[in-house]
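A quick write-up on the structure given underneath.
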Protein chains: 2
Amino acid sequence: NRRIIIIGGVAGGASCATRLRRHNETIDIILLERGPYVSFANCGLPYYIGGTIQDKNSLFLANVDLFKERFRIDARILAEVTKIDPATKTLTVLNHQDGTSYTESYDELVLAPGARPIRPDLPGIELAGIFSLRTVPDSQQIKDWIQNHRAKRAVVIGGGFIGLEMVENLIQLGIHTSLVERNLQVLPTLDQEMTIPLRTILQQHGVALYLGDGVTAFTQGKHGLNVHTESGKILVADLVILAIGVTPENKLAQDASLNLGLQGHILVDKNLRTSDPYIYAIGDCIEVRNVISGKKTALPLAGPANRQGRIVADMLVGRGRFFRGVQGTAICGLFGVTIASTGLNEKTLKQHNDMEYGVVYAHPNDHVSYYPGAKPIFIKLLFDKNDGRVLGAQAVGEAGIARRIDVIAMAIQMKATVFDLEEAELCYAPQYGAAKDAINVIGMIAANEMRGDLSITHWNEMGKTGSVVLDVREAHEVATRALPNAIHIPLNSLRQRQHELPKHQEIQVSCAVGARAYNAVRLLSNLGFRASLLSGGEKTWFNLDN
Amino acid sequence: NRRIIIIGGVAGGASCATRLRRHNETIDIILLERGPYVSFANCGLPYYIGGTIQDKNSLFLANVDLFKERFRIDARILAEVTKIDPATKTLTVLNHQDGTSYTESYDELVLAPGARPIRPDLPGIELAGIFSLRTVPDSQQIKDWIQNHRAKRAVVIGGGFIGLEMVENLIQLGIHTSLVERNLQVLPTLDQEMTIPLRTILQQHGVALYLGDGVTAFTQGKHGLNVHTESGKILVADLVILAIGVTPENKLAQDASLNLGLQGHILVDKNLRTSDPYIYAIGDCIEVRNVISGKKTALPLAGPANRQGRIVADMLVGRGRFFRGVQGTAICGLFGVTIASTGLNEKTLKQHNDMEYGVVYAHPNDHVSYYPGAKPIFIKLLFDKNDGRVLGAQAVGEAGIARRIDVIAMAIQMKATVFDLEEAELCYAPQYGAAKDAINVIGMIAANEMRGDLSITHWNEMGKTGSVVLDVREAHEVATRALPNAIHIPLNSLRQRQHELPKHQEIQVSCAVGARAYNAVRLLSNLGFRASLLSGGEKTWFNLDN
Ligand SMILES: Cc1cc2nc3c(=O)[nH]c(=O)nc-3n(C[C@H](O)[C@H](O)[C@H](O)COP(=O)(O)OP(=O)(O)OC[C@H]3O[C@@H](n4cnc5c(N)ncnc54)[C@H](O)[C@@H]3O)c2cc1C
Ligand SMILES: Cc1cc2nc3c(=O)[nH]c(=O)nc-3n(C[C@H](O)[C@H](O)[C@H](O)COP(=O)(O)OP(=O)(O)OC[C@H]3O[C@@H](n4cnc5c(N)ncnc54)[C@H](O)[C@@H]3O)c2cc1C
Ligand SMILES: CC(C)(COP(=O)(O)OP(=O)(O)OC[C@H]1O[C@@H](n2cnc3c(N)ncnc32)[C@H](O)[C@@H]1OP(=O)(O)O)[C@@H](O)C(=O)NCCC(=O)NCCS
Ligand SMILES: CC(C)(COP(=O)(O)OP(=O)(O)OC[C@H]1O[C@@H](n2cnc3c(N)ncnc32)[C@H](O)[C@@H]1OP(=O)(O)O)[C@@H](O)C(=O)NCCC(=O)NCCS
């Protein structure tokens, strides 16, 4: 029989194995997993630690018996591949149950070994109580440690998705938690201003936040672990969670002389084949192409791993499938606030000297404000200024975030423009949206800029020489939080009071969220002034400046 | 000055007027509204009656003063246009404040008069206590009637969106409510099986449901209004709500000899211009093109009206804009359940003899089942069997419905195929979705059928001559609700027990929701059987048959 071996039995590997069996009943399929479980829900681990997921068994979506009975797949746990020999098409397996090693031969091989948490080589990194989180045993160790040591203080290092999820879950356990992040923002994959609402909510939940600070060493103190930071702080903790990112599991590939990328990822072609024609690779371990920029990247997330697994199953039965690349859709929840993004962020776009992009902000409500419970969505849209193509979006808020980012994700996939967002026909009833949905609104603003009806001033140019700032909010709003050095004329008085404004200077207009300022910009333009919009109004400025 | 008059001051008319002013400061813009309010939220009226929206003022998104101060628009309420004379470009306005009439002349005219509720010519229709709902005064009358008559029993006639919203709100007020609908289903714009969950929830909330029955007459009884039905029932009620649909406000257009469609809608070209070059029409009163079928239709919803208003504003300042047509996205909430749809339904597709379409059902969860609170989404996807293009989708459930239908709405707008849904990169974290999101799953199933890996049997062919039905659920599941005349072999025993199945008959496979049955179909096909999937499993069958 033809013999296909898959290394790694979770997201990518398991999806590949099951679909391969569905394609063909006679191939021998062997799934090798070094850990004690196949098909577990890595993504649920923070919530298992925090207790939201109570039953550990619910983390297991399949097991060795199910693979055998349902799929006739020979899934082996505690079976670590230690060496691949592409020349003889064999590999060495270390059986962790008895310490013995054996050889297996394959016709084709699929690498789905995932990635491992980065453990920086810092003094004291080996001390007890410093954890990473990747596997079910990792999570059990953390849970047990918390219980056995009655942990009351934790330090989480790294403010990415997993770091934030761990912060939420530790706080949920009543543990005082500090978060140390070297960047000046949490979620470094997003643009900084979009993450400010997260900073606020972290502080509201009592998280001690150390941004722009890195950890230099760990020492064992009398009362716990001491976490030393670059700025000279010493944080005392009963446990430390390392969440500063992952690095691809590439040792097997490297030893087998497969081509690797600059960051150590396994290189694959469009069909997910490595430099060895009999070896495919999928999931966190590979380098992928960003569909928008065309640049090489990595996106260690479960969706791509699952879909790549299916594609390789198809390839293995002779179908010409290819992976379309990634666009970077991601989401994270934090104490009831959701933040999500898709496509390129502005930081990345700034590095593309060739691309002239537009940026608009808005704060539309999740549903119409006349129906109770409406929540604002802080949304940022990036688009190509030449043709209006949507390049990326980021959104944060308490409701409707996944929905709006998913719609824009589909728009980006289909190469939609801002004019398509403007004309999108989406669900509307009062409790669900608006006749002009958030998606339409952000599309309309961008379309207005594309058509030349709206000039937008970037916030970092607010008040630049030769310009004046005009705030068109009502007096009571200005009283709460004023823009620096702004002339104040409420929108409804603008016609009468236009003579108060300079005819030959640029007038940069703001209001609370941008809608009234837009009306002011149009009015002033029609009256012969030079006016531009400070997009997203004072609510955006507050996030930028703070 | 150039003079543009807009008839109708709500969704379409108001949106057109404001954008027109933003384009040009010198045009005289006159907005004529026969009712007492401009810019009100019709869509909120059922919730105002039910008390969820408490403050009537929140229903007004703008008023005459705001139009004047902010937009320099001459908005007039209680100003009804009674006649248009295209030859002289004048119109006659009846001022309801003093009963006088006057003439206005225009350079261009925009018709946005909306639609009016159908009041069938039935005996007794003029009796007090029989209401329609379109305007704020309508809602106030209903509210007052309920209060003044201490109404305890209501009959709602018509199970469309507005009828259902009224049912929910009347029940919320503690009023015993009956719903009479001539069709055999509520929400006749959806396919019947998708509406079964609504029937269930209506019954759970004590609504007396009369499907397949029509009202023939109303009489005044001693204890209330008697509502007589075709089947001979007499329902006694303190109030009746008529919600059997709307008809376009076309009298002015008809009298002015503008071209009308077969259903009486005003005919417009791609630029929303009527048969008179100086008159545009937008909103509920016009006929539009369905972008998928290319057929003429009407979609009396607020989103299209708003977007059409903007387009006509652009046209009026000499920009060549066109309306892309409609795809029929709609949503409705009912006692915590949401139902939504976009694109064509199967009923409509059946009428297109030329189109070979595919249908798949699934019941994926809103988010992964290992995270608490996951809710199933009952989803149906329709696609073109020739190229896989997505034609329509319907979904019902307690969570994530608007999100999934909006994503598919964007997919349809961009002419996406089921292969695009299969590969969509959407938001996933445990509380928000799945590595294979509901959208991916429904796309995968359809893609599997497109690629010939999966043959699907329509439910109405279940058990047809020459076939057997195989149920691969576990025994305890079958015990709860069995499929008629099905062989029962649990999926995991199928390999061993394959000899129990006929080699030369079609084996139609079902499970609970379709996922296990799909695995069985693949296995049986690989073993040389002829197998097909009863898509969506027993959970779908239950909705079809009941
Ligand atoms: C705490 C946490 C939360 C996450 N949350 C999310 C989320 O919310 N959303 C999201 O999209 N993604 C999330 N992810 C990421 C997601 O889990 C991964 O992207 C996905 O699991 C990658 O799939 P994979 O198949 O490439 O690797 P994995 O799922 O990691 O599977 C690889 C397997 O290979 C095994 N293996 C490695 N080397 C060998 C060897 N030599 N021999 C045998 N077996 C080997 C490993 O033990 C491992 O079990 C999260 C990850 C973690 C750790
Ligand atoms: C109870 C209810 C609930 C709804 N719920 C939803 C929903 O959840 N989602 C959704 O998308 N849509 C909903 N709709 C439909 C939505 O309100 C309409 O599609 C939308 O308002 C149509 O806009 P329009 O401008 O064409 O007409 P309208 O908004 O009706 O405005 C037309 C105006 O023109 C005026 N008029 C008519 N004739 C004349 C004349 N001769 N002279 C002067 N004025 C005149 C009328 O008085 C009216 O105010 C709902 C409608 C109702 C009644
Ligand atoms: C459990 C596991 C082995 C199951 O894989 P699977 O058999 O491919 O099945 P899934 O449950 O993912 O469902 C998807 C498959 O069922 C099919 N399917 C799902 N619902 C269906 C329905 N109602 N009707 C027909 N087919 C259906 C899909 O088309 C797909 O099959 P395909 O890949 O051949 O097209 C694998 O998903 C796994 O290991 N997951 C856990 C690991 C993981 O992803 N971790 C990281 C995230 S936390
Ligand atoms: C109230 C009403 C007159 C306001 O219309 P409007 O001035 O066009 O403004 P909206 O509040 O709809 O916002 C949309 C406009 O503001 C712009 N805008 C919104 N937020 C913005 C922001 N943050 N920055 C810049 N521009 C913004 C949009 O681009 C759009 O302008 P455009 O059409 O010129 O592109 C009109 O919407 C109305 O009458 N609505 C109620 C009636 C109705 O729709 N009923 C049925 C549904 S219940």
Side-chain angles (χ1 to χ4, degrees), chain A residues 11 22 24-25 41 43-44 47 52-53 58-59 69-70 72 301-307 324 326-327 329-333 338 340 342 368 370-372 402-403 405-407 409-411 413-414 416 420 423-433 435-436 491-492 495 519 522-523 526-527, chain B residues 11 22 24-25 41 43-44 47 52-53 58-59 69-70 72 301-307 324 326-327 329-333 338 340 342 368 370-372 402-403 405-407 409-411 413-414 416 420 423-433 435-436 491-492 495 519 522-523 526-527:
Chain A
R22 284 190 285 269
N24 184 301
E25 180 64 14
C43 316
Y47 303 92
T52 301
I53 298 174
S58 66
L59 294 171
E69 290 169 19
R70 180 165 299 176
R72 226 174 51 73
L301 290 177
N306 271 273
R307 292 195 302 282
R324 71 175 183 98
V326 299
Q327 57 190 66
T329 310
I331 191 165
C332 184
T338 304
T342 187
V368 284
Y370 65 78
Y371 190 92
R403 176 177 167 196
I405 292 299
D406 274 356
V407 170
M410 177 52 70
Q413 180 179 355
M414 299 307 296
D420 295 313
E423 290 299 322
E425 190 183 313
L426 304 171
C427 293
Y428 167 49
Q431 65 276 53
Y432 299 106
K436 291 168 189 155
L491 173 59
N492 291 7
R495 272 189 193 77
N519 278 291
R522 291 303 314 148
L523 172 58
N526 289 334
L527 293 172
Chain B
R22 285 190 284 268
N24 183 300
E25 179 65 14
C43 316
Y47 304 93
T52 302
I53 298 174
S58 66
L59 295 170
E69 290 169 20
R70 181 165 298 176
R72 225 173 54 72
L301 289 177
N306 271 272
R307 293 194 301 281
R324 72 175 183 99
V326 299
Q327 58 189 67
T329 309
I331 191 165
C332 184
T338 303
T342 187
V368 284
Y370 65 78
Y371 190 93
R403 174 176 167 196
I405 292 299
D406 274 356
V407 170
M410 178 52 70
Q413 180 179 353
M414 299 307 296
D420 295 312
E423 291 299 322
E425 189 184 312
L426 304 171
C427 293
Y428 167 48
Q431 65 277 51
Y432 299 105
K436 292 167 188 154
L491 173 58
N492 291 6
R495 272 190 193 75
N519 278 290
R522 292 302 315 147
L523 172 57
N526 289 335
L527 293 173

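Residue numbers begin at 1 in each chain, while the letters A, B, ... track the order of the sequences.
Between chain B and the options A:Leu426, A:Val407, A:Thr52, A:Leu527, the largest number of non-hydrogen pairs under 4.5 Å is found for A:Leu426. The choice from A:Ala424, A:Ala429, A:Ala302, A:Gly303 that makes the most heavy-atom pairs within less than 4.5 Å of chain B is A:Ala424. Ranked by heavy-atom pairs under 4.5 Å with chain B, the first of A:Lys436, A:Glu423, A:Gln431 is A:Glu423. Counting heavy-atom pairs closer than 4.5 Å to chain A, the top residue among B:Ala409, B:Gly333, B:Ala11, B:Gly433 is B:Gly333. For the options A:Pro304, A:Ala330, A:Ala416, heavy-atom pairs under 4.5 Å to chain B are most numerous at A:Ala416. Interface check for chain B: of the options A:Cys43, A:Pro372, A:Ser58, A:Ala41, the most heavy-atom pairs under 4.5 Å are formed by A:Cys43.
For B:Ala340, the side-chain contact (heavy atoms from CB on, under 4.5 Å) partners at least two apart in sequence or on another chain are A:Cys427, B:Ile331, B:Ile401, B:Ile405. Residues meeting the ring pair (Phe, Tyr, Trp, His ring centres under 6.0 Å) test with B:Tyr371, sequence neighbours left out: A:Tyr47, B:His367.
Both the backbone and the side chain of B:Val326 come within contact range of chain A, with heavy atoms under 4.5 Å apart. Interface residue A:Gln327: backbone and side-chain heavy atoms are both found under 4.5 Å from chain B. Only the side chain of B:Arg324 has a heavy atom closer than 4.5 Å to any heavy atom of chain A. Neither the backbone nor the side chain of A:Leu301 has a heavy atom closer than 4.5 Å to any heavy atom of chain B. Only the side chain of A:Leu491 comes within contact range of chain B, with at least one heavy atom under 4.5 Å from a heavy atom of that chain. For A:Arg495, the part lying under 4.5 angstrom from a heavy atom of chain B is the side chain only. When heavy atoms are compared at a cutoff of 4.5 Å, A:Tyr432 approaches chain B solely by way of its side chain, counted from C-beta outward.
You'll find the side chain of B:Glu425 stays beyond 4.5 Å of the side chain of A:Gln413, heavy atoms only. Residues B:Ile53 and A:Tyr370 meet the side-chain proximity criterion, which asks for heavy atoms closer than 4.5 Å.
Note that the CE atom of A:Met410 and the CE atom of B:Met410 stand 9.5 Å from one another [nearest 0.5 Å]. Here A:Arg70 contributes atom CZ and B:Asn519 contributes atom CG; the two are 6.5 Å apart, rounded to the nearest 0.5 Å. Between the OG1 atom of B:Thr342 and the CG atom of B:Asp406 there is a distance of 8.0 Å, given to the nearest 0.5 Å.
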